[in-house]
Amino acid sequence: MSMLSTLEFAPMLIKDVFDSMQSSSAWYDKSKLSLIGEAQFPFISRTRSSNGVDIFCPLQDKDPEPGNALTIGLDTQTIAYQPVAFYTGQNIQVLRHGAMSEMNGIALTALIAQQMGKFSWGGNGATLGRLRKTRIMIPVLVDGTGESVVDWEGLTRLGEELSEVVAARVNSARQTDVEDGDSLPDLKFEPMLMDDLFIQHRGKGGVRHDEGTTPYIVAASKNNSHVGFVREEALFPGNWLAIVNTGAGGVGYCTYQPVPFWASNNVTALEPRYKDANEDSLLFLTTCVRFQTFGKFTYGNIANMKRLRHQRILVPVSTDANGDTVVDWEGMATYGRALRVHAENTFMDVLEGTA
């Protein structure tokens, strides 16, 4: 039986759930952050991705916010649990309670996020005044005076259940075994034309991406360039790459697309010329392309198909039976597989608390 069916829920003002809800005392304009020293502190912005983490930064002239807190981005309605000390951008509210922990913190994050959907950018953002008047459904119990108070123990058990569900799903989705080796092979790199690696296909715009089942890939450098789904049938099959050719979202940014997808007209789909290229080798190759094109091209110097044909990137190579230099697809697959083993083992260690 799920914890949800055993808890008593009731509406409560957000400000009454926490001991404090106030603006971050460790906020900086990102452009004014000092980057000298070890980048060890998360810099929390109002982004929805990566738990709100924009970058990591060194110790600044102000002490960071202590961890074990929730952060809410005003206007953007973004919320995340922050387990460690952090800095923030502007307009970030920090919520704290003496009974908060990692387990009940992630449960609270989910509950509050459910109420953030009523706010929007169109003049109805999550201002501090609106947040203070917002109620959330929260597990409660009745104290000795007959008052309803937050059931922090119940919240903790709910968070533990959610973590167990996530761990089980991650374990079922992993493609490697804990005993697989993660030794990295030595690879030889040489420059090679992108035209020798891929056949280019232009994307197509003019579709809605608010419903459907086909992934929609656009000119974005976050979330694998994915922004939603479209009703149309896929333009391209899976096991291809996609690269941003123009737009404000990161020209030259390359991603691996595992399933059939629709690409916007600001994206070029890259069909591998080697038909047996697998996910491991293509994920590795995606990184090779991204690090050698992202930032080189700009909005005024777009990564169009002509320029990409003449673009050379360093890739692993080997010598075939005829003595010719060829792309080392096998070496890339071995390297990519080893990285996957390491990443999946590390992620499971984090979930199990052994990292």
Side-chain angles (χ1 to χ4, degrees), residues 1-24 42 44-53 64-74 76-86 88 92-119 126 128 130-143 147-173 223 346-355:
M1 180 183 296
S2 169
M3 280 299 305
L4 288 172
S5 61
T6 66
L7 297 174
E8 181 77 22
F9 282 80
M12 187 176 291
L13 290 169
I14 289 181
K15 69 181 183 67
D16 292 337
V17 174
F18 298 93
D19 291 334
S20 64
M21 182 170 70
Q22 57 191 22
S23 297
S24 169
I44 307 302
S45 69
R46 290 178 290 168
T47 177
R48 292 187 183 279
S49 61
S50 304
N51 207 54
V53 178
E65 288 276 359
N68 193 34
L70 297 189
T71 53
I72 295 182
L74 297 184
T76 56
Q77 301 78 242
T78 50
I79 178 166
Y81 173 74
Q82 306 302 336
V84 299
F86 59 94
T88 78
I92 302 289
Q93 292 293 305
V94 181
L95 289 66
R96 299 186 182 278
H97 193 280
M100 190 184 295
S101 66
E102 182 173 353
M103 288 297 101
N104 58 46
I106 59 176
L108 273 170
T109 300
L111 293 172
I112 296 176
Q114 286 293 316
Q115 296 303 313
M116 293 297 103
K118 69 181 181 180
F119 299 114
L128 183 55
R130 289 180 178 134
L131 276 179
R132 292 186 182 280
K133 295 176 183 177
T134 297
R135 297 178 186 272
I136 62 171
M137 294 297 291
I138 193 102
V140 297
L141 48 79
V142 178
D143 66 10
E147 296 290 329
S148 291
V149 295
V150 177
D151 182 2
W152 287 97
E153 183 180 342
L155 267 174
T156 300
R157 296 198 305 272
L158 178 59
E160 290 170 345
E161 180 180 274
L162 291 174
S163 294
E164 289 172 359
V165 169
V166 170
R169 290 181 178 177
V170 169
N171 194 48
S172 66
N223 297 325
T346 300
F347 195 60
M348 289 306 300
D349 287 343
V350 170
L351 287 176
E352 294 167 1
T354 59

Work out which heavy atom in [X] is nearest to a heavy atom in [Y]; give both atom names and the distance.
X    : Y    : answer
G154 : M3   : O-CE, 4.2 Å
A85  : P42  : O-CD, 3.2 Å
S148 : V140 : CB-CB, 4.5 Å
S5   : S2   : OG-O, 2.8 Å

Is any side-chain heavy atom of [X] closer than 4.5 Å to a side-chain heavy atom of [Y]?
X    : Y    : value
L108 : V17  : yes
L111 : F9   : yes
R46  : T78  : yes
V150 : F18  : no
L70  : M21  : no
L155 : I138 : yes
L141 : V149 : yes
R96  : P66  : yes

For [Y], does its backbone N or O pair with a side-chain atom of [X] as donor and acceptor, under 3.5 Å?
X    : Y    : value
D19  : G98  : yes
N104 : S101 : yes
R132 : I14  : no

What distance do [X] atom [atom1] and [Y] atom [atom2] have between them, rounded to the nearest 0.5 Å?
X    : Y    : atom1 : atom2 : answer
T134 : L13  : OG1   : CG    : 8.5 Å
L131 : K15  : CG    : NZ    : 12.5 Å
T109 : N51  : OG1   : CG    : 7.5 Å
E164 : L162 : CD    : CG    : 9.5 Å
T156 : I106 : OG1   : CD1   : 10.0 Å
Q82  : E65  : CD    : CD    : 10.0 Å

Item checked: Residue pair T71, Q93: steps toward the side-chain hydrogen bond (donor to acceptor under 3.5 Å, both in side chains) verdict -> CA-CA 6 Å; T71 53; Q93 292 293 305; over 6 Å; no
Item checked: With N68 via side chain to side chain contact (heavy atoms under 4.5 Å, CB included) - residues at least two apart ->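 Result, side chain to side chain contact (heavy atoms under 4.5 Å, CB included) vs N68: Y81, M100.
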Checklist line | side-chain hydrogen bond (donor to acceptor under 3.5 Å, both in side chains) against S20, all qualifying residues, sequence neighbours excluded | finding: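 S20 satisfies side-chain hydrogen bond (donor to acceptor under 3.5 Å, both in side chains) with no other residue.
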Margin query: Run R157 and E153 through salt bridge (charged side-chain N to carboxylate O under 4.0 Å, His left out) and show every step you take.
Written below: CA-CA 6 Å; R157 296 198 305 272; E153 183 180 342; 3.4 Å; yes
